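Note that the structure is predicted; figures quoted are calculated from it, not measured. Residue indices begin at 1 and follow the sequence shown.
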Amino acid sequence: MPGMRVTMTSEPARPGRVNEDFAGAVPAAAVLVDGAGIPGAESICRHGVAWYAGRLGGSLLGLLSTGPERALPALLADAIVRVTDEHRDTCDVADPISPSAAVAVLRLSAGRVDHLVLGDAVLVLDRADAAPLVVTDHREADIARSYLPALAAAAGDGDDYRRILGELRANRNSPGGFWVAKDDPGAADQAVTGSTPIAGLTGAVLLSNGASRIADRFGAAGWPEVLAVLASSGPAEIIRRVRRVEARHAVTPDDATIAHCTDLDET
């Protein structure tokens, strides 16, 4: 059976705050789920974002274990259906502000590494003889850009901020918008996917956007440096550096999660 070593670290945005990220692994696969929601949406879903992220991640890991040859979008679609069925009778799963999540998946299979990214999670393949391959889904960031000034202006007004955020998230899972795991299994077909021979890789890393911001938002380190730090000091050091840069720029911290995959074994 293929296998790998996975080192994971996950830290909430602030001490005492619920962490809405999830990371987990089975011998031949790793999953990262970055939950998203709007504060005060308990009347829409009584379970909350952390519950959704954990249920989705756990279901996906189980499916990866029992269906190793099925396409990753098909497995993600099944996981979305399972979680949605768990709470459709008690929650308004179709409401635009009900919990959703970005997802990154890495799987070893028959001499290759398959990957999937949906939403604003990030996956990086560490290639032996080439620059890192950074797999991202830019659609949410592209659409959110036009909402950022209004969100910044409304930051002190909870009602206004939630209204604008709701307008942004109304673009989810619709043509011309962006796609995330929520209640529609069809969103899985919109994921960014690919496959790479294991022989050309020295490792891979899955990051929530609260961790990837060290490179793609702040530019405090390039991806080769991030991979080098992961190899020498592990994921906790990257998250420590993220917190330091957030403080320097007076940016609100986010949940930060990293799953670092090494010793990829194709046998």
Side-chain angles (χ1 to χ4, degrees), residues 1-10 21-34 57 60-79 102-138 181 188-209 211-212 214-216 221-239 257-267:
M1 288 287 293
M4 59 185 170
R5 180 188 300 275
V6 183
T7 306
M8 296 180 286
T9 298
S10 187
D21 288 351
F22 169 94
V26 292
V31 170
L32 184 146
V33 179
D34 184 350
L60 190 48
L61 282 174
L63 290 164
L64 283 160
S65 296
T66 57
E69 295 304 318
R70 293 183 65 204
L72 294 181
L75 295 176
L76 177 57
D78 282 358
V103 181
V105 181
L106 182 88
R107 178 181 64 187
L108 310 188
S109 179
R112 68 182 188 272
V113 171
D114 301 326
H115 65 260
L116 175 150
V117 172
L118 181 68
D120 59 6
V122 176
L123 187 148
V124 183
L125 299 176
D126 192 0
R127 298 187 288 188
D129 299 317
L133 176 62
V134 183
V135 183
T136 59
D137 179 352
H138 290 291
D189 290 328
Q190 303 297 323
V192 178
T193 61
S195 186
T196 306
I198 292 177
L201 300 176
T202 58
V205 58
L206 293 69
L207 308 97
S208 66
N209 71 340
S212 69
I214 191 171
D216 56 25
W223 287 114
E225 181 182 350
V226 170
L227 292 168
V229 172
L230 286 169
S232 64
S233 304
E237 174 60 17
I238 291 295
I239 294 177
T257 302
I258 299 174
H260 185 213
C261 307
T262 57
D263 299 338
L264 309 182
D265 183 359
E266 60 184 293
T267 59

### Query
Sequence neighbours excluded, which residues qualify as side-chain hydrogen bond (donor to acceptor under 3.5 Å, both in side chains) partners of T196?
none

## Note on the structure
Applied to residues 117-127, the salt bridge (charged side-chain N to carboxylate O under 4.0 Å, His left out) test, sequence neighbours excluded, yields none

### Task
Over all heavy atoms of both residues, which pair between A121 and A102 is shortest? Give the atoms and the distance, please.
N-CB, 3.7 Å

### Summary
Residue pairs meeting salt bridge (charged side-chain N to carboxylate O under 4.0 Å, His left out), one or both in residues 103-117, sequence neighbours left out, come to R107-D114, R112-D114

### Task
Using the side-chain contact (heavy atoms from CB on, under 4.5 Å) rule, pick out the option among D34, L206, L76 that qualifies with V103.
L76

### Task
Can you sort out the partners of D137 under salt bridge (Lys or Arg N to Asp or Glu O under 4.0 Å), two or more places apart, ordered by chain and number?
R139

### side chain to side chain contact (heavy atoms under 4.5 Å, CB included) partners of T262, counting only residues at least two apart
R5, H260

### Message
If the condition is side-chain hydrogen bond (donor to acceptor under 3.5 Å, both in side chains), which residues does D189 pass it with, not counting sequence neighbours?
### Response
none

### Message
List the residues meeting side-chain hydrogen bond (donor to acceptor under 3.5 Å, both in side chains) with D129, not counting sequence neighbours, and say none if there are none.
### Response
none

### Message
Applying side-chain hydrogen bond (donor to acceptor under 3.5 Å, both in side chains), can you list everything that pairs with D78, at least two apart in sequence or on another chain?
### Response
R70

### Message
With side-chain hydrogen bond (donor to acceptor under 3.5 Å, both in side chains) as the rule and sequence neighbours excluded, what pairs involving residues 21-30 come up?
### Response
D21-S208, D21-T257

Acceptor/donor pairs from residues 221-231 side chains to any protein atom, 3.5 angstrom cut, sequence neighbours excluded:
none

### Query
Side chains of L264 and L108: does their closest heavy-atom pair fall under 4.5 Å?
yes

